[in-house]
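Shown next, in structure tokens, is the structure this report addresses.
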Amino acid sequence: MIQTFFTQTANQVARTAGFVERVSKLTGSLCLQTLVLGFLDQPDAALNDLTDTSQDLGVTLTKQALHSRIENAVGFLTEMFQQAVALFRNELPLELKVLHQFTAIFLTDRSTVAVPAVLKDEFPGCGGDGPDAAIKIQLTFEFLRGVMTGICFQAGRTPDQSYIGELERIQAGALYLSDLGYFVLSRFRRLDEQHADFLSRFDPHTALFTADGAPRDLLEWLRAHAEAQFEASVRIGREEQLPCRMIVLRVPQAVADERRRKAHETARRKGRTPSARHLALMEWTGYITNVPTTLLTLRQVVILYAVRWQIELIFKVWKSDCALDRVAGRHRARVLSELYAKLIGMVLMPFLLAPFRHGERELSVVKGVRLIQHHVRHVIEHLGDREQLTRVLQDLAQRFLEHGMKDQRQRQTTLQALHATEELFA
């Protein structure tokens with residue numbers, strides 16, 4: 001699959017997209033290999049570094065020739081990126097019975113990348129002290145199989161509530177997790193109507209009602225409970241009340257104090273003062289879900305929501321190890337070509353890592369990514385020889401098992417906690 005994608009598929013798409021119209025030594029496959037593998041090998045690669053990569057691939061290019069081709073590669077790389085998302089999909093789910101009651105587990109979140117001001121009309125920033133131009137990358141990650149199922153670019157100032165990319169093809173029986181930035185009642189209602197499940201933090205500004213539809217004051221209700229955690233059937237939303245379960249946890253005092261400190265700091269920056277009610281509500285964390293108690297207990301809801309942080313780890317790796325937030329170009333085409341080339345590599349990474357998430361020890365995403373980057377030079381050297389490429393990937397797989405696992409730790413990881421609850425799902 002890897003060899004075909006970087007050779008036959010690349011050349012075919014290059015012709016279809018009009019990127020290559022005549023015989024040239026810089027074919028679609030060479031361009032794709034140079035950019036994707038070059039940036040995987042050196043995330044901060046300059047044009048000189050990329051011409052070295054092309055030479056390793058068997059073609060000598062000048063810096064000017066490569067720059068000229070990159071300036072015209074946006075359409076080609078965009079299509080190759082879509083091809084990568086469709087092709088590089090692991091079908092083997094995690095060996096966790098606790099999760100097999102869902103057909104998939106979709107995590108959605110976003111990360112913002114500042115880009116040169118030349119893109120401010122197409123991708124305006126958030127305003128204020130932020131950059132003039134910024135791209136918000138919306139990512140949907142299917143956790144059960146370790147697959148990136150959707151990535152799209154939006155303007156930095158676009159509100160998260162307007163993003164519905166992962167709802168274009170709702171999968172019945174799947175669980176959709178998101179943070180408060182995506183808290184929209186119509187979103188939850190749409191999932192529920194199409195027989196999918198949702199799990200989200202609760203927005204305390206949302207109208208709350210009892211299961212019978214009577215108004216309920218959130219703060220009074222929370223203060224009436226002395227338990228550290230509890231749940232109840234509720235309805236949310238003023239116009240079309242949506243029935244769901246609400247799970248509530250009282251947070252440690254240190255957590256509540258830190259939340260209040262941040263609230264004061266945010267309000268100060270905006271010239272406001274946080275209300276006493278807003279500060280008081282920070283003693284609790286609330287979740288809403290339509291998954292029945294027979295499938296998820298209160299404790300299991302809390303553990304499953306922690307899975308959402310896996311997508312935060314992906315963004316951290318993208319920026320710290322793959323330099324997604326550092327682009328060398330100053331022109332639109334150069335910037336977008338570099339972003340798409342890097343993202344193709346980032347789609348390939350979980351495809352290589354996903355089969356090794358099984359076993360007694362847990363795979364470290366950071367260690368796995370760095371092992372892939374270390375092996376890129378061998379992939380470049382042997383990409384044209386399937387037998388040798390197979391050996392390179394077999395060696396990489398062995399390195400995952402020997403050097404890519406998380407260190408033993410006293411605190412349970414999320415997957416270990418899920419393992420511990422499996423008997424409760426029997």
Side-chain angles (χ1 to χ4, degrees), residues 2 35-45 49 77 81 84-85 88-90 94 105-115 134-153 166 177-179 181 306-328 335 338-359 361-379 393 396-397 399-407 409 411 413-416:
I2 291 171
L35 296 179
V36 175
L37 300 179
F39 283 123
L40 272 178
D41 181 41
Q42 297 184 65
D44 288 302
D49 302 310
L77 289 171
F81 167 70
V85 172
F88 296 122
R89 290 176 175 246
N90 173 58
L94 281 169
I105 299 176
F106 294 106
L107 318 178
T108 297
D109 210 335
R110 75 290 180 202
S111 185
T112 302
V113 175
V115 292
I135 295 177
K136 180 177 286 187
I137 303 175
Q138 296 282 3
L139 168 65
T140 298
F141 180 73
E142 203 286 281
F143 174 73
L144 198 56
R145 293 167 183 81
V147 175
M148 294 182 187
T149 58
I151 305 175
C152 85
F153 289 176
E166 85 281 30
L177 275 73
S178 56
D179 70 4
V307 164
R308 197 190 65 78
W309 291 102
Q310 295 292 317
I311 204 167
E312 298 286 350
L313 177 59
I314 291 172
F315 289 139
K316 180 180 178 181
V317 169
W318 280 10
K319 292 184 175 181
S320 62
D321 291 277
C322 302
L324 188 64
D325 57 343
R326 302 190 299 274
V327 290
V335 170
E338 181 170 338
L339 286 175
Y340 277 119
K342 287 181 175 179
L343 282 171
I344 290 170
M346 293 171 203
V347 171
L348 181 60
M349 283 180 174
F351 175 70
L352 294 172
L353 293 172
F356 299 91
R357 298 190 302 161
H358 303 267
R361 293 183 62 191
E362 198 171 328
L363 180 70
S364 165
V365 173
V366 174
K367 290 181 180 179
V369 165
R370 291 173 182 172
L371 285 169
I372 292 171
Q373 290 173 320
H374 180 75
H375 272 65
V376 168
R377 301 306 302 176
H378 302 299
V379 173
L393 295 177
L396 177 59
R399 300 290 183 95
F400 288 155
L401 298 174
E402 294 176 356
H403 308 297
M405 298 299 162
K406 289 182 178 179
D407 297 328
R409 58 186 72 179
R411 185 179 177 182
T413 65
T414 300
L415 287 181
Q416 288 170 341

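Numbers here simply count residues along the sequence, with the first being 1. Just so we're clear, the structure is a prediction, and the values are computed from it rather than from any experiment.
Among all heavy-atom pairs drawn from Pro355 and Asn90, the shortest one is CG-OD1, 4.0 Å. Of all the heavy atoms in Phe400 and Leu363, the pair that sits closest is O-CD1, 4.3 Å. The two residues Ala341 and Val36 have their closest heavy-atom pair at O-CG2, 3.6 Å. Here the shortest heavy-atom pairing between Ala134 and Val115 reads N-CG2, 3.9 Å. Considering every non-hydrogen atom in both Gly146 and Ala354, the closest pair reads O-CB, 4.0 Å. When all heavy atoms are compared, the tightest approach of Phe356 to Ala397 is CZ-CB, 3.3 Å.
Atom NE2 in His403 sits 9.5 Å away from atom NE2 in His374 (nearest 0.5 Å). Between the CG atom of Leu396 and the CG atom of Leu353 there is a distance of 8.0 Å, given to the nearest 0.5 Å. Of the inter-residue distances, the one linking Ile137 atom CD1 with Leu324 atom CG reads 4.5 Å to the nearest 0.5 angstrom. Ile311 contributes atom CD1, which lies 11.5 Å from atom CZ of Phe143 (distance to the nearest 0.5 angstrom). Considering CG of Leu371 and CG of Leu352, their distance stands at 11.5 Å, rounded to 0.5 Å. Rounding to the nearest 0.5 Å places CE of Met349 at 12.5 Å from CZ of Phe88.
For the salt bridge (Lys or Arg N to Asp or Glu O under 4.0 Å) with Asp321, the qualifying choice from Lys316, Arg326, Arg370 is Arg370, the only one to do so.
Salt bridge status for Glu338 with Lys342: present, with a side-chain N to carboxylate O gap under 4.0 Å.
Residues Ile151 and Val347 form a side-chain contact, since some pair of their non-hydrogen atoms from C-beta on lies under 4.5 Å apart. Residues Leu107 and Glu166 are not in side-chain contact: their nearest non-hydrogen atoms beyond the backbone lie 4.5 Å or more apart. The closest side-chain heavy-atom distance from Ile314 to Val365 is not below 4.5 Å. With contacts defined as side-chain heavy-atom distances shorter than 4.5 Å, the pair Trp318/Leu139 qualifies. Side-chain atoms of Leu339 and Leu77, non-hydrogen and from C-beta on, never get closer than 4.5 Å to each other.
Using modelled atom types, one side-chain atom of Glu142 and one backbone atom of Ile105 make a donor-acceptor pair closer than 3.5 Å. Without hydrogens or angle criteria, Arg89 side chain to Val85 main chain gives a donor-acceptor distance under 3.5 Å. Counting only distance, with no hydrogens or angles, the side chain of Arg357 and the backbone of Leu144 share a donor-acceptor pair below 3.5 Å. Checked by atom type and distance alone, the side chain of Thr149 pairs as donor or acceptor with a backbone atom of Thr140 at under 3.5 Å.
Between Tyr340 and Phe153, the ring planes are parallel. Angles under 30° get that label, and only those over 60° would be called perpendicular.
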